[in-house]
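Just so you know, residue 1 is the first one in the sequence shown, and it goes up from there. No hydrogens, no waters, no symmetry mates; every other heavy atom, side chains included, goes into these values.
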Amino acid sequence: MFGSKRHFNAWNFFICYLVSLGQIAFGYPASIIGVTLAQPPFLVYMKLYDPVAAELTPGADQLIGACSGIFQAGAFFNVFIAGWIMDKWGRKAGFYWCAFLSLLGGALLCGSTNITMFIVARFIAGGGSWGFLSVTPTYSAELAPPDLRGLMVGMNGVNIALGYGLASYMGLAFFYTEDPVAQWRAPLGIALIWPVLVILICFIVPESPRYLLMKGRVEEARAITYKLHHMKSDPDDEFARGEFYQMAKQAEVDRKLDPGWLEMFRRPSYRKRVTLAMTFAFIGQSTGVLVLNNYGPTIYASLGYDTEYQLIFQCGWISVGIIFNLVGALIMDWTGRKPLLLIGVGGCCICLILEAAMVATYAETNSGNQAGLQMGVAAAYLFLAVYSVGVDVAGVVFYSELFPNHIRAKGIALSIAVIALTDLVYLQATATAFASIGWKFYLVFIIISGLGTIWVFFVVPETKGIPLEEMAAVFGDTENVAVFSADIHFDQSTHEMVVDEHGSAEVRRRRSQVNDIESSGDGTPPTEKGTGPHPVGEKHGAEHVDRV
């Protein structure tokens with residue numbers, strides 16, 4: 001769009017990074033349960049472990065599973081509520097709502113006096129935490145330029161991993177405290193910091209200009225767009241003007257389309273997007289990543305390591321995720337999304353095969369073979385490296401790109417709801433499954449991720465560099481693309497915006513004065529010869545402007 005150079009604006013990157021920090025408010029509370037369940041004082045306090053008999057109490061396996069799974073149950077409900085709030089009151093309002101739930105649930109977790117109170121608090125905290133997973137990529141994608149959307153939205157994946165990492169680091173740090181209750185309460189209390197941080201961020205970041213255009217708040221959207229996309233190398237703000245023109249024109253179309261839930265499944269092109277997003281969401285979580293995260297210390301225990309080493313290995317494992325999420329974000333706008341998705345799902349399958357083999361051969365037989373046990377740890381580390389690059393960071397970008405403005409919040413909510421439900425099933429079953437069938441539980445993840453690799457290769461489209469307003473063309477809805485960025489140019493001698501007719505046998509270039517789109521009161525460009533906009537269904541799919 002408007003040349004091959006990258007449209008990088010430091011302020012735009014800074015804003016997108018601030019928005020992505022909301023993922024720490026997801027990652028930290030989502031991951032802290034892993035180190036909490038690894039703390040013997042927590043298990044004893046909650047009467048899940050009998051220190052005299054040195055074994056779990058009756059029914060403890062199910063309660064431990066509930067501590068993890070109920071978090072996802074809260075998530076399932078709130079991702080839809082958060083999506084509704086985003087559509088009605090804006091992306092910032094979604095942030096405020098999720099922060100409120102996170103603070104309420106986090107406070108109750110930190111002050112829990114019994115396992116019932118703890119489980120209820122996890123439900124509330126899960127709603128707030130996972131709400132950020134829905135709101136944040138929606139927000140980021142609508143602020144980022146098309147050619148750097150992988151980097152700017154990809155920072156969400158980096159901060160998810162950072163949240164996971166901080167939870168592991170705090171769990172290890174407080175393991176050494178002498179107060180047994182502080183060992184698990186203090187890390188839970190630290191979770192309250194992140195939603196407060198999100199509230200403070202809301203005072204800095206602007207509202208999404210695409211949301212504002214959908215609500216008819218054109219001047220606010222224009223000011224934000226120009227500031228986000230201004231570059232010193234572009235003194236005439238050609239990129240910002242063209243971007244705003246395309247966004248404003250597309251908003252005209254999107255406001256007329258049905259944003260209902262039924263339409264998302266009734267319309268073939270929307271149904272295809274929903275199917276892609278929901279299927280990949282299921283496959284991504286069927287790699288077993290959250291099982292490895294939440295039950296990592298338990299797995300390391302099965303490999304023969306004590307509590308201290310379990311927490312140390314968990315910290316190292318999470319650190320790998322931070323590094324490789326960053327790698328994925330940095331290279332995604334170069335490699336594209338699909339290659340990384342393939343590497344992620346296929347690589348996870350291979351690593352799970354190695355992990356299952358090591359657990360079956362060396363851990364469950366108590367062979368004491370240190371090389372085999374160390375290979376089991378290495379397989380878990382390699383797993384997270386490929387998952388981070390290809391599922392975590394690439395996946396969150398992929399979900400955020402698929403849907404048009406009027407159903408983006410709903411589409412991402414559906415994706416995150418599938419993730420939450422999938423995790424709920426796996427996490428609820430994991431403690432019992434490991435106790436009952438051991439390493440064979442890995443076969444579930446190996447089979448699904450293997451089949452998922454084939455599905456990604458044949459079905460998933462590439463979305464690299466495509467403006468959000470043009471994504472409809474990828475799914476056969478070309479008639480709903482108001483303007484193609486390739487058809488927007490600027491006459492360098494007059495600094496006028498030039499719009500080509502898309503799909504015409506003879507491309508007719510027409511000029512509009514600078515003020516045509518930039519000064520119209522309602523954000524609607526003057527139409528050709530005063531005849532009004534072309535019908536949406538016309539082949540060219542673009543509206544043209546005569547020079548005044």
Side-chain angles (χ1 to χ4, degrees), residues 18-34 36 66-113 115-140 156 159-160 162-164 166-167 185 187-203 205 207-208 211 290 294 396 409-410 412-421 423-424 427:
L18 287 181
V19 169
S20 74
L21 289 174
Q23 296 290 16
I24 298 179
F26 159 73
Y28 186 96
S31 182
I32 196 63
I33 192 65
T36 302
C67 288
S68 291
I70 198 67
F71 197 74
Q72 277 66 40
F76 176 79
F77 290 102
N78 188 54
V79 292
F80 294 109
I81 296 172
W84 175 74
I85 289 173
M86 278 196 290
D87 282 338
K88 189 168 183 64
W89 290 295
R91 295 3 181 181
K92 277 191 180 184
F95 260 10
Y96 285 126
W97 167 247
C98 294
F100 165 74
L101 286 182
S102 295
L103 288 170
L104 176 60
L108 291 173
L109 280 172
C110 188
S112 291
T113 57
I115 192 62
T116 301
M117 181 178 178
F118 189 85
I119 290 173
V120 171
R122 283 279 292 173
F123 178 85
I124 299 171
S129 171
W130 279 73
F132 285 116
L133 192 59
S134 177
V135 174
T136 306
T138 305
Y139 205 165
S140 302
N156 284 269
N159 282 308
I160 291 173
L162 182 58
Y164 288 163
L166 289 170
R185 285 201 194 275
L188 290 172
I190 291 172
L192 299 173
I193 295 173
W194 316 122
V196 172
L197 175 64
V198 169
I199 292 173
L200 296 176
I201 285 172
C202 286
F203 290 99
V205 298
E207 183 55 84
S208 162
Y211 165 79
L290 210 59
N294 287 22
V396 77
K410 290 184 176 71
I412 293 179
L414 279 173
S415 307
I416 304 305
V418 170
I419 293 174
L421 280 180
D423 286 341
L424 173 60
L427 292 175

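- Annotation: side chain of Trp97 is in contact with side chain of Ile81 (closest heavy-atom distance under 4.5 Å).
- When all heavy atoms of Ser20 and Thr136 are compared, the closest pair comes out as CA-CG2, 3.7 Å.
- Atom CG in Asn78 sits 11.0 Å away from atom CD1 in Ile124 (nearest 0.5 Å).
- For the pair Arg122 (side chain) and Ile70 (backbone), a donor-acceptor distance under 3.5 Å is absent.
- In this structure, Gly128 and Ser102 approach most closely via the heavy-atom pair C-OG, 3.3 Å.
- When every heavy atom of Ile199 is checked against every heavy atom of Phe203, the shortest pair comes out as O-CD1, 3.3 Å.
- From Gln23, atom CD reaches atom CH2 of Trp194 across 14.0 Å, with rounding to the nearest 0.5 Å.
- The shortest non-hydrogen separation linking Phe80 to Ala413 is CD2-CB, 4.2 Å.
- Without hydrogens or angle criteria, Tyr211 side chain to Lys88 main chain gives a donor-acceptor distance under 3.5 Å.
- Between Trp130 and Phe26, the ring-plane angle classifies as perpendicular under the 30° and 60° cut-offs.
- In this structure Ser140 satisfies the side-chain hydrogen bond (donor to acceptor under 3.5 Å, both in side chains) test together with Asn156, sequence neighbours excluded.
- Judged by distance alone, with hydrogens and angles left aside, the side-chain atoms of Ser129 form no donor-acceptor pair with the main-chain N or O of Ala125 at under 3.5 Å.
- Atom OH in Tyr139 sits 7.0 Å away from atom CZ in Phe95 (nearest 0.5 Å).
- Side-chain contact between Leu133 and Ile160 is present, with heavy atoms from C-beta onward closer than 4.5 Å.
- Side-chain contact between Phe71 and Asp423: absent, with no pair of heavy atoms (C-beta onward) separated by less than 4.5 Å.
- Atom CG in Leu21 sits 11.0 Å away from atom CZ in Phe132 (nearest 0.5 Å).
- Taking all atoms of both residues into account, the shortest heavy-atom contact from Pro29 to Ile24 is CD-O, 3.8 Å.
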key: Check against side-chain contact (heavy atoms from CB on, under 4.5 Å), Val120 and Leu108   = CA-CA 9 Å; Val120 171; Leu108 291 173; 5.7 Å; no
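- In terms of heavy-atom proximity, Leu103 sits nearest to Pro195 at CD2-CG, 3.6 Å.
- Going from atom CG of Leu18 over to atom CG of Asn159 covers 10.0 Å, rounded to the nearest 0.5 Å.
- Inter-residue side-chain proximity for Ile115 and Cys67 is flagged as met; some heavy-atom pair is nearer than 4.5 Å.
- Interatomic distance, CG of Leu192 versus CG of Leu197, reported as 13.0 Å (0.5 Å rounding).
- Atom CZ of Phe77 has 12 or fewer neighbouring heavy atoms from other residues, nucleotides or ligands inside a 6.0 Å radius.
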ask   = Should Val135 and Cys98 be marked as a side-chain contact (heavy atoms from CB on, under 4.5 Å) after you check the CA-CA gap, both sets of side-chain angles, and the distance that decides it?
value = CA-CA 9 Å; Val135 174; Cys98 294; 4.1 Å; yes
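- The closest donor-acceptor contact from the side chain of Arg91 to the backbone of Met86 lies under 3.5 Å.
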